[in-house]
Structure formats: structure tokens, C-alpha cells
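Presented below is the structure to which this report refers.
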There are 2 protein chains.
Amino acid sequence: MSPKEKKGEITINDIAKELNISPSTVSRALNDNAKISEATKNKVKAVAKDLGYELNLVASSLSKNKTNVIGVIIPHLGSQFFAKALSGIQEVARDNGYNVIISQTNESVQQEVEMTRVMNSARVDGLVCCLTMETDNVDHFNVFVKKSIPVAMFDRVSYAVPGPKIVVDNYEAGYVATEHLINLGCKRIAHLAGAVSSKVFEERSEGFKDALKKNSLPLLSQFLLSSDLTEQDARDAVRLWMNLPQRPDGIVAASASSGLIIASAVKAMGIKLPEELSIISLGNERCNEFVTPSLSAVDMPGYEMGKAAVTQLIKCINDGVTDSSITLKPIQLLIRNSSFKH
Amino acid sequence: MSPKEKKGEITINDIAKELNISPSTVSRALNDNAKISEATKNKVKAVAKDLGYELNLVASSLSKNKTNVIGVIIPHLGSQFFAKALSGIQEVARDNGYNVIISQTNESVQQEVEMTRVMNSARVDGLVCCLTMETDNVDHFNVFVKKSIPVAMFDRVSYAVPGPKIVVDNYEAGYVATEHLINLGCKRIAHLAGAVSSKVFEERSEGFKDALKKNSLPLLSQFLLSSDLTEQDARDAVRLWMNLPQRPDGIVAASASSGLIIASAVKAMGIKLPEELSIISLGNERCNEFVTPSLSAVDMPGYEMGKAAVTQLIKCINDGVTDSSITLKPIQLLIRNSSFKH
DNA sequence: TAAAAAAGTGCAAGCGCTTGCATTAATGCC
DNA sequence: GGCATTAATGCAAGCGCTTGCACTTTTTTA
């Protein structure tokens with residue numbers, strides 16, 4: 001094995017030796033530095049290609065004190081909303097020359113804290129994250145704030161951390177969905193809400209309530225349920241509502257998956273959708289098109305949120321951290337067969 | 001701004017100065033090197049914590065010539081199967097002290113080539129990937145092979161690249177699914193297959209054909225269609241089949257999403273599922289439970305494949321590249337309401 | 001045509017950490 | 001009590017690239 005192959009890695013020094021010039025010239029040539037003559041650049045590039053040289057990003061990062069890496073911390077990788085968001089994140093990052101390293105918290109605050117530590121160690125140039133449901137203390141982001149490493153948050157955000165926030169107008173989502181049911185003639189609308197501690201779900205609830213109020217419809221206390229939106233929660237809610245003497249004639253589900261479960265549970269009870277009951281969910285999944293009846297939904301633009309988050313993040317990386325806050329609209333109302341004109 | 005804060009980063013030198021010892025001792029102490037006394041270790045760790053020191057992985061990687069990063073190249077981040085796989089990949093990686101950097105090819109070979117270049121530049125310690133549908137030339141992986149950087153492939157793999165291969169037994173999937181329909185009494189079973197160029201789909205087809213043969217059922221040529229499994233392809237297949245004088249009484253769809261579309265298209269034609277026609281798809285999605293009738297499927301264990309891929313990869317990183325090839329079984333047959341006893 | 005400006009390269013330090021080897025201090029042995 | 005071990009620490013080079021500054025050569029300007 002010749003010494004050149006020992007490490008299997010070609011460096012700028014190899015190129016330099018080959019051409020009898022200095023490594024600094026090689027570096028500058030490869031980076032298209034204006035001070036290097038075209039002739040030299042061409043020679044260098046040719047040899048680089050010849051030898052199969054590929055920039056060592058690790059070394060480059062160290063000396064430039066910039067990694068060109070964006071860290072992503074999200075609750076799950078497996079769920080549709082986040083998968084979409086991640087896809088958007090990765091695309092924009094790639095287009096701007098950034099790599100992205102990922103991590104999932106599984107809704108555990110402890111994991112979230114741990115992951116910020118890892119991201120810090122990796123010296124990411126920026127962070128995009130969606131907080132855990134339980135996160136209220138956000139001190140673990142201080143490391144980044146102190147170093148002016150921008151942190152962009154989307155969906156579940158905290159205004160206690162400076163940096164871009166990308167959210168959808170959850171209030172409007174709740175409002176629009178509810179109003180849609182009202183326009184169809186529903187009079188007794190129920191809402192399965194998410195944990196009150198979460199801004200996202202609180203706002204959706206507010207939108208729901210205001211839509212009722214604006215339309216002079218009463219809000220029955222049993223018709224507004226808060227939960228963790230687990231499968232069991234959804235089933236319990238359905239059981240409770242459907243055993244009421246006065247059943248609801250419309251349901252607004254706070255999440256895509258709870259909507260799906262509610263619809264399925266209701267159907268299992270033999271209740272006719274949408275004739276006896278209209279359903280709409282806040283958050284759309286591909287499923288919604290395929291179930292019978294297809295499920296109306298307010299679309300939450302995960303992909304767009306991901307893109308927007310990174311776009312803003314990169315702006316901050318380049319121009320310094322700012323507090324830009326983007327509320328994505330319009331939220332698309334997808335009217336399908338689960339909501340019906342009474 | 002004091003000089004210590006200028007960079008905002010605490011280094012081992014800062015700790016060394018604070019304690020009047022050498023940086024090497026600090027480094028060793030932090031790494032729990034046996035040659036360092038407990039007393040020193042404790043002092044060092046205390047000061048490190050005090051100053052808020054966090055290892056600079058970039059510098060560490062450079063000097064150790066090991067990044068502890070695993071690169072992932074997959075077709076999409078947004079699709080359910082890959083999202084699951086990614087989730088498994090990330091978990092195992094994290095548990096073993098690896099970070100993962102991601103990229104998606106969008107089924108473009110050119111992107112795939114580009115991404116291998118990026119991963120090489122990032123000096124990943126290992127690569128896990130699922131090839132593009134169109135990938136036949138795999139020369140772009142040679143860089144890694146030459147450097148003995150292990151490459152683990154899952155689902156869509158190439159045996160031309162050394163390293164672990166994680167696949168499901170696609171033949172068995174096709175076989176089992178078909179047999180299930182046969183056991184229900186289906187006599188005229190059709191199959192919408194994927195591109196023949198793909199091993200995955202070819203094997204599923206083979207399983208389908210063999211199941212028919214084994215059970216002495218004829219294979220009608222119009223009943224075996226190859227396609228790219230797009231939405232349009234699925235609709236076309238349904239139209240063709242349902243206009244036949246002798247309609248099929250069972251359909252095996254080569255993918256989860258085509259199965260969903262087939263079921264939906266068939267229902268739209270007023271055909272009764274599962275009374276007139278049984279459907280099963282190779283690949284399961286959450287949707288399948290929620291559609292009516294719920295869709296039977298052979299489950300493809302994405303999450304497990306992801307985990308297995310990284311597990312094998314890390315084994316290779318530690319012990320050298322080997323060609324371990326894992327075929328995941330048993331594939332789970334999820335019998336739901338779309339397949340019915342005739 | 002001499003002086004000034006511009007163009008093109010090279011030198012060498014530095015990014016923060018790791019590690020082989022040398023050095024010193026402490027302990028054990030006969 | 002002198003010598004060989006062992007334990008604990010420091011030195012300094014090196015990982016591969018970047019970059020401020022110095023230097024040389026060429027071109028421009030008056």
C-alpha cells in the first residue's frame with residue numbers, strides 16, 4: 001500500500017505537491033478566491049478531480065468555525081406531520097448548502113434537553129425545533145441564545161426563546177372549521193380539544209368557542225372536552241357524547257388522528273355520517289381522503305412550515321438573530337364527505 | 001466583552017488554565033482515561049461543568065479521524081415507510097452515540113450521486129441507504145468501499161456494493177398474500193405489480209405467480225400488470241380489469257398506496273368489497289385500518305428494517321465490513337375486512 | 001523611467017482536540 | 001537504600017483546512 005493510500009484520503013497537500021504550489025493556493029483555488037489566477041484555478045481543479053479529492057468538511061468546519069449543519073429536534077420522526085416538515089426542512093437546507101442532523105424527543109422533555117446538548121456539541125449553525133407537549137422551561141436553549149446561534153421553532157413554540165417562530169393560525173383553524181359546521185346547519189357542536197397547557201390546542205379551542213359565540217350558539221360544557229388526544233381519549237369522548245340525551249350534530253376534532261378515530265368509533269356505533277353527524281378535524285392526513293366518508297379537515301401545512309422555518313433560520317444565520325414570527329395562512333379548508341348540509 | 005467570552009466557547013485549554021494543568025490531562029480526564037488519577041478527573045469534571053464546557057465534536061472528529069456520524073440516503077422523508085425506517089435508524093444510532101445526517105433523493109439517481117458526495121465530504125463513519133427505483137449503476141458507492149466505510153442498504157438494495165443488506169422476504173410477501181386470497185376461495189386473482197426492473201417488485205410478483213401455480217390456478221395475462229404504481233396506474237388497472245367480461249375476484253396490490261387507490265376506485269364503481277372482490281396490499285399504512293372496509297395487508301416492517309440496518313452498520317464500523325444479509329421475517333399478515341371468505 | 005498600485009503566491013499560525021512518547025514522582029523490591 | 005516498576009502528568013506534533021499578512025512579480029500611472 002503506497003503512502004498516499006494509507007489513509008485513503010486525498011488532501012489539499014497532495015494536490016499542492018503534485019503541482020508544486022502551496023496548500024493555501026490550492027485551498028483558495030478550490031474556493032474560487034478572486035486573488036488566484038484562472039490558470040492556477042484550472043490546474044488545481046483538474047488535479048483535484050484527477051485524484052478524486054473531496055473537501056473534508058470536518059477540517060473546514062473547524063477552521064472556519066462554521067459547520068454548515070442545521071440541527072433538527074422534533075417529537076417524532078414517524079408521524080406524518082413531522083415527516084412532511086422534515087422533508088421541507090431538508091430540501092431548503094440542501095438548497096442552501098446545509099446538512100441536517102436529526103433527533104426525536106418522543107415527547108420527553110429529558111430527551112429534548114439531552115438533544116440540545118448533542119446539537120451544541122455538534123456545533124450546529126442553527127437549530128429548528130418543535131417543542132415537546134410538556135416543555136415549559138426552555139432554559140436548555142440558553143446555550144444557543146448566548147452564542148447567538150439562531151433557534152427557529154415551529155408549531156409548538158416558546159416565545160421565551162428569541163428567534164423565528166413558525167406557526168399556523170390555530171385560532172383561525174378552529175374558527176373556520178367550526179364555522180363550516182355551523183354553515184352546514186349544525187346546532188350542537190362538540191369539540192375534543194388537546195391539552196390546555198398547549199398553546200396550539202388552546203388557540204384551536206378559542207377559535208371553536210368564538211365561532212359558536214359569534215353565531216349565537218350555546219356552548220354546552222359536556223361538549224368541550226380536553227384530553228391528550230390518545231386513541232382511548234377519542235373513544236371515551238365518543239361514548240360520552242353519544243350517550244347524551246341530546247347528541248351533538250357536529251364534532252370538531254383537535255387533531256387529525258383523533259378525528260380519524262372519532263369517525264371510526266362513531267361509524268361503529270351505527271351512526272350515519274354525515275347525515276346524523278358532521279365531523280371535521282384540525283389537521284389533515286392522507287387517510288382522510290380514503291376513509292368513508294372522506295374526512296373534512298383543516299389542512300396544517302407541515303411541509304411549508306418546515307420550509308419556512310429553515311428559510312428564516314438561514315436568514316438569521318446570515319444576518320443575525322431576529323424575532324421574525326410567521327403565521328402561516330391561509331389554512332386550507334378541505335371539505336369532504338364527512339361534513340354535510342343539514 | 002472579556003477575551004474568554006469572545007468566542008463564547010469554552011475549550012479544554014480554559015479548563016487547563018483554571019487548574020494549572022495541561023490540556024492533554026484535561027482531555028484524558030474528560031475521556032476517563034485510566035492513566036489519570038481520580039482526584040484529577042473529579043477536579044476537571046467539576047470545572048468543566050462549572051464553566052459550561054461542552055466537547056467540540058468537530059475538533060474531536062478531526063483529530064480522531066472519526067465523526068460518529070451516520071449518513072442516511074433515502075428516496076423520501078415524507079412517506080410512511082421511510083419515516084418509520086428513519087425513526088428506527090435514529091433511535092439505534094442515538095443509543096450508540098452516533099448522530100445521523102439525512103438526505104432524500106426523490107427517486108432521482110442524480111440526487112443520489114450528489115448525496116453520496118456530500119456524505120463523503122462529511123466523512124460519515126457509515127452509510128445506510130435505500131436505492132432509487134432507477135439506480136442500476138452503483139459506482140458512486142465505490143468511494144466508501146475503497147475507504148472501507150461500511151454501507152448498509154435496506155429494502156431497495158444492490159449486491160454489487162459490499163455490506164449489510166436488510167430486506168424483507170418479498171417473495172414470501174407476495175406468496176402469502178396471494179395464498180390468503182386463494183384460501184378465501186378466490187379463483188381469478190389479479191396483481192398490479194411494480195416496475196419489473198426493481199428486485200423488490202419482481203420478487204413480489206414471483207411470489208404471486210408461484211402461489212397461483214402451487215394451487216393450480218391459471219394466470220391470465222391481463223391479470224398481471226406492471227407499472228410505476230402511480231395513482232393513475234392504479235386507476236387504469238382497475239378500469240381495465242373491471243371492464244373485462246370475467247372480472248377478477250381478488251386483487252393483490254404491490255404497494256400500500258396502490259392498494260388504497262385500487263380499493264377506493266373499485267368502491268367508486270359500486271363494486272361491493274369484499275363480497276364481490278377481495279383486496280390485499282403488500283405494505284401496510286395506518287390508513288388501512290380506517291378505510292371501509294379496512295384493508296388487509298402484508299406488513300412491511302419499516303421501523304425494524306431501519307433498526308436492523310444501523311445495528312449491522314455499527315457492527316461493521318467496529319469490526320470491519322462484512323456482507324451480512326438479513327431477510328426479515330416473519331412478515332405479518334394483517335387480515336382485515338377487505339378480504340372475505342367466499 | 002521611477003514610483004505606486006495591482007495581481008498572484010507563499011508562510012505560518014490557528015481552529016480544539018487527541019495521543020505517542022518523554023518526563024517526573026511515587027511505590028515496591030531485595 | 002539503590003534500582004526497577006508503576007502511576008500520573010506534560011510536551012508537542014498532528015488531524016486538514018483557512019486566512020491575515022508578507023512577499024515577489026507584473027502592470028499601471030504620471
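Order of the sequence lines sets the chain letters (A, B, ...), proteins ahead of strands, with each chain counted from 1. Quantities reported herein were computed from a predicted structural model and do not represent experimental measurements. Just so you know, these numbers use all the heavy atoms, side chains as well, and skip hydrogens, waters and symmetry mates.
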Below 4.5 Å, heavy atoms only, C-beta onward: do Ile74(B) and Phe154(B) meet side chain to side chain?
->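 With C-beta onward as the side chain, the pair touches.
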Arg123(A) and Leu57(B), any side-chain heavy atoms less than 4.5 Å apart |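 They are not in contact (no side-chain heavy atoms under 4.5 Å apart), so the answer is no.
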With a non-hydrogen cut-off below 4.0 angstrom, is Thr40(A) in contact with a base, only sugar-phosphate, or nothing?
->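 Answer is sugar-phosphate: Thr40(A) comes under 4.0 Å of backbone atoms only.
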Rounded to whole Å, please give me the gap between [atom1] in [X] and [atom2] in [N].
X: Asn65(B); N: dT19(C); atom1: CG; atom2: P; value: 11 Å
X: Ile15(A); N: dT18(D); atom1: CD1; atom2: P; value: 11 Å
X: Ile36(A); N: dA6(C); atom1: CD1; atom2: C1'; value: 14 Å

Consider the side chain of [X], meaning its heavy atoms from C-beta on, and name the nucleotide among [options] that approaches it most closely.
X: Leu62(B); options: dT9(D), dT18(C), dG16(C); answer: dG16(C)
X: Ser22(B); options: dC11(D), dG16(C), dG8(C); answer: dC11(D)
X: Asn56(A); options: dT19(D), dG16(D), dC17(C); answer: dG16(D)

N/O donor-acceptor pair, side chain [X] with base [N], under 3.5 angstrom:
X: Ser27(B); N: dC17(C); answer: no
X: Arg28(A); N: dG8(C); answer: no
X: Ser24(B); N: dC11(D); answer: yes
X: Arg123(B); N: dG16(D); answer: no

Return the 5'-most residue of the pair Thr25(A), Asn20(B) with respect to DNA chain D, ranking by each residue's nearest nucleotide.
->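 Comparing both residues, the 5'-ward one is Asn20(B).
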Nearest-nucleotide wise, let me know which of Pro23(A) and Asn33(B) is further upstream toward the 5' end of DNA chain D.
->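 By nearest-heavy-atom nucleotide position, the 5'-most residue is Asn33(B).
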Would you say [X] places a side-chain N or O within less than 4.0 Å of OP1 or OP2 belonging to [N]?
X: Asn13(B); N: dG16(C); result: no
X: Ser63(B); N: dT19(C); result: no
X: Ser60(B); N: dT18(C); result: yes

Assess whether side-chain contact (heavy atoms from CB on, under 4.5 Å) is satisfied between Glu114(A) and Val118(A), documenting all intermediate values.
-> CA-CA 6 Å; Glu114(A) 177 60 22; Val118(A) 172; 4.1 Å; yes
Could you pull out the closest heavy-atom pair between Ala309(B) and Val128(B), with the gap in Å?
->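 Nearest pair, atom of Ala309(B) first, then Val128(B): CB-CG2, 4.3 Å.
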Where do Val100(A) and Ala93(A) come nearest, in terms of heavy atoms and distance?
->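 For Val100(A) and Ala93(A), the tightest heavy-atom pair comes out as CG1-CB, 3.7 Å.
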Hey, which of these two, Lys64(B) or Lys35(A), hits DNA chain C nearer its 5' end, going by closest nucleotide?
->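 Result: Lys35(A).
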